[in-house]
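Quick note: numbers below take in every heavy atom, side chains included, and nothing from hydrogens, waters or symmetry partners.
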Amino acid sequence: MTEYTSLEKIRLKKIEELRKEGVEPYPTRAERTHTSAQAIAAFETAEKAAPEGQPPVEVKATLTGRIRAARAMGKLTFAHIEDGDGRIQLFLRMNELGQERVDWFNKMLDIGDFIQASGVMFRTHTGEATLHVHDFKLLAKAVSPLPAAKDEVTESGETVRHAALEDPELRARQRYADLAVNPEVRETFRKRAGIIHALREFLDDHGFLEVETPILQPIYGGAAAKPFTTHHNQLKQDLFLRISFELYLKRLLVGNLERVYELGRDFRNEGVSFKHNPEFTQLEFYWAYADYLKVMELTEQMVSDACLKVTGGMKIIYQGRELDFTPPWRRLAMCDGILETSGIDIAKHPTAKSLFKAIAVKGKTPNPQATRGKLIDFLLSEFLEPTLVQPTFLYDYPRDISPLAKSKPGDPLTVERFEGYVAGFELCNAFTELNDPLDQEQRFIEMGRDYTDDEEEKHPMDEDYLRAMRYGMPPCGGFGMGVDRLAMLLTDKHSIREVLLFPHLRETEE
RNA sequence: GGCCGACUAGCUCAAUGGCAGAGCAGUUGCCUCUUAAGCAAUUGGUUCGGGGUUCAAGUCCCCGGUCGGUCACCA
């Protein structure tokens, strides 16, 4: 049973009164001729077209929106409504509406209600383009008051927000309220949509086919992560929510679909942090006859294209630092980067034991059980990652942490893999894909051995994937990117929660 | 999961261990160019939950919850 606050009870009473008066508080139909921005633009056009000293041609408009502010002055009322495009001021006067209607507006309508208002555009004494209201109608009554923000525009033109909805928990839990009162939040999600649109458009234009592969998978793979598990009752079959799209997309290359991509959700049953959410949006593409160098070039083009389309330029400010996405991005061999930042030359340490000692000398203590690859990964995150602020491709990774990547010719310990780093975190991951079925089978076996102490992260052998590869897979480059992280960069948000409409939150007692 | 911090009216925030407050929102008036409108009056509280110390707890202690930060985990 809903417990209503005193404010809500007052509004519920108003709803009762409205019904008694024969006014439907939730009418079925609404009309609108202009959005707020369109009405203002049409009025400004009319003003410009008018001859000197002559009044502009009358601009009639029917607007819809949510009441965000109201200032009643007896026989006169000013209000602001907000729609998807912005805000516009309404002007209600007893001369046109009669005292009774103006009083009714003030008494029965509240901030948060949706209304429809018709009238003629004019400019107030203070110069604001305003709708002079000749008729209005309630469209939807709000029972609960919005956690309202009030904006004050100071003389210097700055907007000061008063009593804003700021609590990050409440903003995430009640995203609808956050969106309703914080216009910049709506802008963030418009940008996010713009990024996704730009990525899709770029890949479509480059001949890639968008595909959809299973989210429910009998065997998970393509990344080292703990999966969510579920069960199909009728088939009595355990299933996993995918942790990546990789193995399915590469099967399609076997099927002669030469360029494929998928934009969708991955699920990983792991920690939640400012850059991790249990479900997140991933972009993967696979490109026959390309290698990781070609993928690098396509990546910097694709990301800079999205940046240009969404922000209007190649340079952005992220958390106070300027980042420049203009291609070409810096390319840095991982061993060089690690040598520069840590002083350790991994080429001189071919075994885990020797590398561990070298790290210990530097005063750091990684897990003593770690493989050589894991130790290199440790060096990477400990020393190198924080220095990778400008977009950088870090390339050539250790083989034993890259079971799906092809070895570098003449260097069996290294694979052709790169990761794109921006602002100190990983944005994307790509490699020349391993297409040798015998080598691939060997890698699965190696992974199984290395992870025996951690069953959940163990890479299961995917026999069907190997069968596909035995039919012949063209040489190819593959790519994966956390789209949420790109959205964080391009909207200047520190937390992934700010770019997810409904981020994962703990359950609350209701 | 560890550590640190926060949680008080619908919103934003105050309150040496000593009567729980302000602004906005709400309600009732006045007001025909306001824009955080103004003026006058007024309503509104399980101080996150539970336990303890004390003559007295929003404040101190313990347990729990949620959030934030950070570390760990995370190819």
Colleague: Scan A:Ala72 against the nucleic acid and name what it touches under 4.0 Å (heavy atoms): base, sugar-phosphate only, or nothing.
Modeller: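 The residue A:Ala72 makes base contact.
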Colleague: Starting at the 5' end of RNA chain B and moving along, which residue's nearest nucleotide shows up first, A:Met94 or A:Ala70?
Modeller: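 So the residue in question is A:Met94.
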Colleague: Of the nucleotides B:U66, B:C31, B:U35, which has the atom closest to the A:Arg173 side chain?
Modeller: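 Nearest listed nucleotide: B:U66.
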Colleague: So is A:Arg321 actually on top of A:Tyr318's ring, under 6.0 Å and inside 45° of the axis?
Modeller: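 Checked: cation-pi criterion not met.
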Colleague: Over how many whole Å does the gap from A:Asn269 atom CG to B:G1 atom P extend?
Modeller: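 Going from CG in A:Asn269 over to P in B:G1 covers 14 Å.
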Colleague: Could you please name the partner base of B:C73, counting Watson-Crick and G-U wobble pairs only when both distances are under 3.5 Å?
Modeller: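 When the pairing criteria are applied, nothing turns out to pair with B:C73, so the answer is none.
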Colleague: Identify whether the distance between the nearest side-chain nitrogen and carboxylate oxygen of A:Glu16 and A:Arg11 falls below 4.0 Å.
Modeller: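 Salt bridge absent between A:Glu16 and A:Arg11.
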Colleague: Taking the C1' atom in each of B:G49 and B:U66, what is the distance between them to the nearest angstrom?
Modeller: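 One C1' to the other, the span is 11 Å.
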Colleague: Could you state the atom-to-atom distance from CD1 of A:Ile111 to P of B:U35 in whole Å?
Modeller: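 After rounding, the reported distance stands at 15 Å.
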Colleague: Taking atom P in both B:A25 and B:G64, compute the distance separating them and give it to the nearest angstrom.
Modeller: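 To the nearest whole Å, 42 Å.
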Colleague: Going by modelled atom types, is there a donor-acceptor pair between the base of B:U34 and the side chain of A:Thr126 at under 3.5 Å?
Modeller: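 Indeed there is one.
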Colleague: When you measure from the side-chain N and O atoms of A:Lys13 to the phosphate of B:G26, is any distance below 4.0 Å, counting only OP1 and OP2?
Modeller: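 No, outside the criterion.
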Colleague: Watson-Crick or G-U wobble partner for B:C11, using a 3.5 Å limit on both distances?
Modeller: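 Looking at the geometry, B:C11 pairs with B:G23.
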Colleague: Rounded to whole angstrom units, what separation is found between the CD1 atom of A:Ile67 and the C1' atom of B:A25?
Modeller: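 Roughly 14 Å, once rounded to whole Å.
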Colleague: Which of the following nucleotides, B:U70, B:U35, B:U32, is nearest to the side chain of A:Phe274?
Modeller: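 Selected nucleotide: B:U70.
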Colleague: Quick one: look up who B:U34 pairs with, Watson-Crick or G-U, both distances under 3.5 Å, and put none if it's unpaired.
Modeller: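 Pairing partner: none.
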Colleague: In Watson-Crick or G-U wobble terms, both distances under 3.5 Å, what is the partner of B:G64?
Modeller: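 Result: B:C48.
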Colleague: Take the protein atom CG of A:Leu76 and the nucleotide atom C1' of B:U32, then report the distance between them rounded to whole Å.
Modeller: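 So the CG-C1' distance, A:Leu76 to B:U32, works out to 5 Å.
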Colleague: Please tell me which of A:Ser495 and A:Thr124 maps to the more 5' nucleotide of RNA chain B, matching each residue to the nucleotide holding its nearest heavy atom.
Modeller: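 The answer here is A:Thr124.
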Colleague: Is A:Lys14 salt-bridged to A:Asp110, cutoff N-O under 4.0 Å?
Modeller: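 Salt bridge between A:Lys14 and A:Asp110, a charged N being under 4.0 Å from a carboxylate O: yes.
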Colleague: For the residue pair A:Arg101 and A:Phe136, would you count it as a cation-pi contact if the rule is NZ or CZ under 6.0 angstrom from the ring centre and within 45 degrees of the ring axis?
Modeller: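 Yes, A:Arg101 and A:Phe136 form such a contact.
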Colleague: Could you give the CD-to-C1' distance, from A:Gln174 to B:C11, as a whole number of Å?
Modeller: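 In whole Å, B:C11 C1' lies 12 Å from A:Gln174 CD.
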Colleague: So if I take every side-chain heavy atom of A:Glu270 and compare against B:A25, B:U34, B:C74, which nucleotide ends up nearest?
Modeller: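 The answer is B:C74.
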Colleague: Using a 4.0 Å heavy-atom cut-off, does A:Leu7 contact any base of the nucleic acid, only the sugar-phosphate backbone, or nothing at all?
Modeller: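 Result for A:Leu7 = base.
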Colleague: If you check the A:Ser6 side chain, which of B:U27, B:G44, B:U35 turns out closest?
Modeller: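 Per side-chain heavy atoms of A:Ser6, the pick is B:G44.
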Colleague: Counting any heavy atom closer than 4.0 Å, what does A:Phe122 reach on the DNA or RNA strands: base, sugar-phosphate only, or nothing?
Modeller: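 Here A:Phe122 touches the bases of the nucleic acid.
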Colleague: Under the 3.5 Å rule, do the base of B:U34 and the side chain of A:Glu128 count as making a donor-acceptor pair?
Modeller: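 Answer no: no donor N or O sits under 3.5 Å from an acceptor.
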Colleague: Taking the same atom, C1', in B:U16 and in B:A57, what whole-Å distance lies between them?
Modeller: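 After rounding to an integer number of Å, I get 14 Å for this pair.
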Colleague: Take atom C1' in B:C24 and the same atom in B:A36, then report the distance between them in whole Å.
Modeller: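 Between the two C1' atoms, the distance is 8 Å.
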Colleague: Could A:Glu416 and A:Arg399 be called an ion pair, given the rule that one side-chain N must be under 4.0 Å from one carboxylate O?
Modeller: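 No salt bridge links A:Glu416 with A:Arg399.
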Colleague: Out of B:A75, B:A37, B:A25, which has the shortest distance to the side chain of A:Asp377?
Modeller: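 Output: B:A75.
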Colleague: Rounded to whole angstroms, how far apart are CE on A:Met73 and C1' on B:A36?
Modeller: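 Roughly 15 Å, once rounded to whole Å.
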Colleague: When rounded to the nearest Å, what value does the distance between C1' atoms of B:C60 and B:G17 take?
Modeller: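 Going atom to atom, C1' in each nucleotide, I get 8 Å.
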Colleague: Looking only at side chains, do A:Tyr292 and A:Asp396 share a donor and an acceptor under 3.5 Å apart?
Modeller: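 The answer is yes; a qualifying pair exists.
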Colleague: Between A:Glu17 and A:Lys13, is there a salt bridge with N-O shorter than 4.0 Å?
Modeller: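 Looking at A:Glu17 together with A:Lys13, the answer is no, because their closest N to O distance does not fall below 4.0 Å.
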Colleague: Applying a 3.5 Å limit to both distances, which nucleotide forms a Watson-Crick or G-U wobble pair with B:A56?
Modeller: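 Partner of B:A56: none found under 3.5 Å.
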Colleague: When you compare B:C19 with B:U47, how far apart are their P atoms, in angstrom units rounded to a whole number?
Modeller: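 Between the two P atoms, the distance is 15 Å.
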Colleague: On the nucleotide B:U34, are OP1 or OP2 found under 4.0 Å from the side-chain N or O atoms that A:Arg71 carries?
Modeller: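 Answer no for this pair, as no side-chain N or O of A:Arg71 is under 4.0 Å from OP1 or OP2.
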Colleague: Between B:A56 and B:G69, how far apart are the two C1' atoms, rounded to whole Å?
Modeller: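 Here B:A56 and B:G69 have their C1' atoms 36 Å from each other.
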Colleague: Does A:Glu100 have more than 12 heavy atoms from other residues, nucleotides or ligands lying within 6.0 Å of its CD?
Modeller: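 Atom CD in A:Glu100 is not packed in, count stays at 12 or less.
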Colleague: For a quick check of understanding: with a heavy-atom distance under 4.0 Å over all strands, which category does A:Gln89 fall into, base, sugar-phosphate or nothing?
Modeller: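 Contact class for A:Gln89: base.
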Colleague: What's the CZ-P distance between A:Phe78 and B:C31, to the nearest Å?
Modeller: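 Roughly 16 Å, once rounded to whole Å.
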Colleague: Looking only at the side chain of A:Asp110 (C-beta and beyond, no hydrogens), which of the listed nucleotides B:U27, B:A75, B:A37 gets closest?
Modeller: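 So the nucleotide nearest the side chain must be B:U27.
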Colleague: Report which part of the nucleic acid A:Arg11 touches: base, sugar-phosphate, or nothing (heavy-atom distance under 4.0 Å, all strands).
Modeller: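 A:Arg11: no heavy atom of the nucleic acid under 4.0 Å.
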Colleague: Counting Watson-Crick and G-U wobble pairs only, both distances under 3.5 Å, name the nucleotide matched with B:G29, or none.
Modeller: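 For B:G29, the partner nucleotide comes out as B:C39, under the 3.5 Å rule.
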Colleague: With C1' as the reference atom in both, quote the distance from B:G18 to B:G23 in angstrom, rounded to an integer.
Modeller: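 Pairwise C1' distance, B:G18 against B:G23, rounds to 26 Å.
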Colleague: Between B:U70, B:A75, B:C33, spot the one nearest the side chain of A:His494, thanks.
Modeller: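 For the A:His494 side chain, the nearest candidate turns out to be B:U70.
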Colleague: Tell me the interatomic distance from A:Arg93, atom CZ, to B:U34, atom P, rounded to whole angstroms.
Modeller: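 Atom CZ in A:Arg93 sits about 14 Å away from atom P in B:U34.
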